[in-house]
2 protein chains.
Amino acid sequence: MDSRGSGLREIKKQMTRESIAEAAFKLVIDKGLDHVTIEEIAQEAFISPRTVSNYFSCKEEAVVAAGSHDWPTIIENFERRPADEDPLHALSEIFVDYANTQTRQQSRLRAQKLELTETYPSLRRFQIAEYDQFEDELRTVIAARTGTQVDTDMYPSLAAAAAVSVIKSATNVWVRSGADPEQLAALFAEAFAQLSAGLPSPTRRRPEHSPKPVTLAARSDAS
Amino acid sequence: MDSRGSGLREIKKQMTRESIAEAAFKLVIDKGLDHVTIEEIAQEAFISPRTVSNYFSCKEEAVVAAGSHDWPTIIENFERRPADEDPLHALSEIFVDYANTQTRQQSRLRAQKLELTETYPSLRRFQIAEYDQFEDELRTVIAARTGTQVDTDMYPSLAAAAAVSVIKSATNVWVRSGADPEQLAALFAEAFAQLSAGLPSPTRRRPEHSPKPVTLAARSDAS
DNA sequence: CGGCAATTTGCGCAACAGGCAAACTTCTGT
DNA sequence: ACAGAAGTTTGCCTGTTGCGCAAATTGCCG
């Protein structure tokens with residue numbers, strides 16, 4: 001009955017899943033996407049080819065599953081928040097906290113993955129799909145929490161999309177500017193700040209691009 | 001040299017492309033995604049199977065290519081705008097105009113397509129990818145126009161993502177509330193308004209769920 | 001008209017998705 | 001603790017697919 005069920009079985013499944021994903025990722029990094037077959041992945045993960053197909057619908061899905069963000073935890077943290085808090089405010093703090101718990105290991109992996117998704121359009125599709133699914137779950141909980149209807153009010157969709165776009169945008173800029181683990185949190189905060197200010201055009205905030213990369217050191221204070 | 005090349009050839013290519021997409025779409029509507037083969041699509045479009053593969057990497061891509069939004073025109077309209085205008089303000093007006101030019105035919109097609117993408121996850125991936133590509137182009141022009149760097153400033157990414165999320169959210173709500181061609185433009189405007197207000201939580205705008213759902217989604221006969 | 005470049009097509013092949021059923025592992029009730 | 005239920009892995013199989021290659025076809029331009 002319970003999908004979060006029965007100890008050992010679930011653990012093993014999770015382990016195989018990760019095992020396959022890591023094998024796929026490693027192989028694609030080494031040999032390039034189209035020189036990797038399902039059979040190789042299976043071999044690398046000590047498992048039969050047929051089982052790989054049981055877990056993922058294709059190589060691409062497996063590759064992208066490696067080193068993903070911990071979406072369930074983020075959702076849980078969100079639901080733990082006081083019910084009357086502004087959703088975007090809550091998410092801002094959650095993301096900042098999340099960024100601060102990321103290890104160097106994870107950062108490096110993330111950067112590698114971004115490189116892969118920029119090289120292979122087919123991988124990109126699956127990467128985007130992952131974000132999209134998270135956005136969907138987020139939309140649902142936001143709707144529940146604000147008492148709005150997903151079918152008739154755009155707010156849940158817009159808010160969820162905004163939050164996800166913060167992750168994407170901040171992560172991108174962060175990777176391109178050296179992927180310093182310290183700075184991701186600041187970028188999240190900055191992005192949410194821009195959002196709640198209504199995304200004013202920067203031509204009115206800053207005439208030219210600044211020599212120092214970004215205003216990262218600035219702690220976001222309430223405007 | 002010129003990608004917008006030499007008359008007849010380009011026209012024919014465009015026609016075959018559409019022809020394939022429409023064939024694929026029609027067949028999938030009729031028989032369901034996994035009972036349609038490339039060979040059937042080819043037959044329906046009066047060309048060889050091999051040629052289908054020349055245009056699309058798989059069925060899914062072909063299906064989704066049918067009845068897409070006219071992204072190039074939207075981009076062009078954006079570039080035609082006065083250079084110092086706030087990007088989101090410009091996009092708001094452009095989308096509203098765009099919505100007003102949509103025919104009933106197109107509306108119906110769009111609704112059907114949404115149904116398909118909700119039924120088949122594999123189609124959804126390609127649908128999302130299409131939006132994502134537009135977002136990418138939008139990001140580039142927004143960056144150019146505001147004099148920001150895509151690599152160091154999050155604004156172009158956030159603004160582009162916001163605009164695209166407006167299209168997605170508004171279209172969704174619009175389809176779910178009957179897909180009345182008159183109302184899409186209003187939804188666009190409303191969504192942009194929420195954005196530039198910083199996406200305030202509706203719990204502070206409206207204490208409880210209201211009898212009249214949303215100003216715009218409500219089927220008011222005051223047309 | 002004639003040669004050039006782009007496009008279509010047929011052929012072939014390795015790879016793949018996914019149904020099916022048998023072997024095997026974990027779980028549950030007693 | 002044990003037997004049967006429930007879930008997972010695996011091998012086998014078949015129709016489908018993606019794509020490289022080269023030949024035939026078609027539009028293009030002097």
Side-chain angles (χ1 to χ4, degrees), chain A residues 1-21 23-24 27-28 30-65 119-126 129, chain B residues 1-21 23-24 27-28 30-65 119-126 129:
Chain A
M1 291 285 196
D2 197 359
S3 67
R4 290 283 174 182
S6 352
L8 212 159
R9 203 161 248 175
E10 287 301 317
I11 292 176
K12 273 191 136 180
K13 271 186 78 167
Q14 217 47 43
M15 279 181 43
T16 352
R17 189 181 177 80
E18 265 182 46
S19 172
I20 298 173
L27 285 172
V28 171
D30 288 352
K31 315 174 51 178
L33 180 60
D34 22 42
H35 299 120
V36 172
T37 72
I38 298 230
E39 198 166 340
E40 285 174 304
I41 298 174
Q43 215 164 352
E44 180 88 11
F46 303 102
I47 218 169
S48 93
R50 186 61 182 80
T51 302
V52 175
S53 291
N54 274 343
Y55 281 84
F56 301 99
S57 72
C58 59
K59 325 180 236 196
E60 286 84 358
E61 195 172 359
V63 173
V64 165
T119 308
Y120 302 102
S122 56
L123 286 185
R124 179 160 242 271
R125 275 195 271 283
F126 283 88
Chain B
M1 297 277 197
D2 196 2
S3 67
R4 292 284 172 192
S6 354
L8 211 159
R9 209 160 241 176
E10 286 302 317
I11 292 176
K12 271 191 131 181
K13 272 186 77 168
Q14 217 45 45
M15 278 180 45
T16 4
R17 190 180 176 79
E18 266 182 46
S19 169
I20 297 172
L27 285 172
V28 170
D30 287 352
K31 314 173 51 179
L33 180 61
D34 22 46
H35 298 120
V36 172
T37 72
I38 299 234
E39 197 167 340
E40 284 173 305
I41 298 174
Q43 213 163 355
E44 181 88 12
F46 302 102
I47 52 174
S48 92
R50 186 62 182 80
T51 302
V52 175
S53 291
N54 274 344
Y55 280 85
F56 301 100
S57 72
C58 58
K59 322 179 240 196
E60 285 83 359
E61 196 173 355
V63 173
V64 166
T119 309
Y120 303 102
S122 57
L123 285 186
R124 178 160 243 270
R125 274 197 268 288
F126 283 88

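Order of the sequence lines fixes the chain letters, A, B, ..., with proteins taken first and strands second; residue numbering starts at 1 for each chain.
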*Asks:* Relative to the 5' end of DNA chain C, which residue comes earlier, B:K12 or A:E39, by the nucleotide with the nearest heavy atom?
*Replies:* B:K12
*Asks:* Do you see a donor-acceptor pair shorter than 3.5 Å between the side chains of B:T16 and B:S19?
*Replies:* no
*Asks:* Is there side-chain contact between A:V52 and A:P49, with at least one heavy-atom pair below 4.5 Å?
*Replies:*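 The answer is no, as the side chains (C-beta and beyond) never meet within the 4.5 Å cut-off.
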*Asks:* Please give me the minimum heavy-atom distance between A:L33 and A:Y120, naming the atom from each residue.
*Replies:*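 Result for this residue pair: N-OH, 3.1 Å.
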*Asks:* If you pin B:E60 and A:K13 to their nearest nucleotides in DNA chain D, which one's is more 5'?
*Replies:* A:K13
*Asks:* Which parts of residues 42-59 of chain B get close to DNA chain D, meaning a heavy atom less than 4.0 angstrom away?
*Replies:*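 Of all residues in residues 42-59 of chain B, the ones placing a heavy atom under 4.0 Å from DNA chain D are B:R50, B:S57, B:C58, B:K59.
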*Asks:* Figure out the CD1/C1' separation between B:I38 and D:dG15, and round it to whole Å.
*Replies:* 13 Å
*Asks:* A:V64 and A:L123: which non-hydrogen atoms are nearest, and at how many Å?
*Replies:*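 So the minimum-distance heavy-atom pair works out to CG2-O, 3.6 Å.
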*Asks:* Starting at CG of A:L33 and ending at P of C:dA15, how long is that distance when rounded to a whole Å?
*Replies:* 14 Å
*Asks:* Mind listing the closest non-hydrogen atom pair of B:A24 and B:I41 along with its distance?
*Replies:*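 Of all heavy-atom pairs spanning B:A24 and B:I41, the closest is CB-CD1, 3.9 Å.
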*Asks:* Is it the case that atom CD in A:Q43 sees more than 12 heavy atoms from other parts of the structure closer than 6.0 Å?
*Replies:*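 Atom CD in A:Q43 is not packed in, count stays at 12 or less.
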*Asks:* Nearest whole Å is fine: how far is D:dG20 P from A:D34 CG?
*Replies:* 9 Å
*Asks:* Which nucleotide wins on minimum distance to the side chain of B:L8, given the candidates D:dC28, D:dG7, C:dC16?
*Replies:*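 The listed nucleotide nearest to B:L8's side chain is D:dC28.
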*Asks:* Nearest-Å distance, NE2 (B:H35) to P (C:dA17)?
*Replies:*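 Value for this atom pair: 18 Å.
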*Asks:* Tell me if the side-chain of B:R9 makes a donor-acceptor pair with the base of C:dT7, cut-off 3.5 Å, by modelled atom types.
*Replies:* no
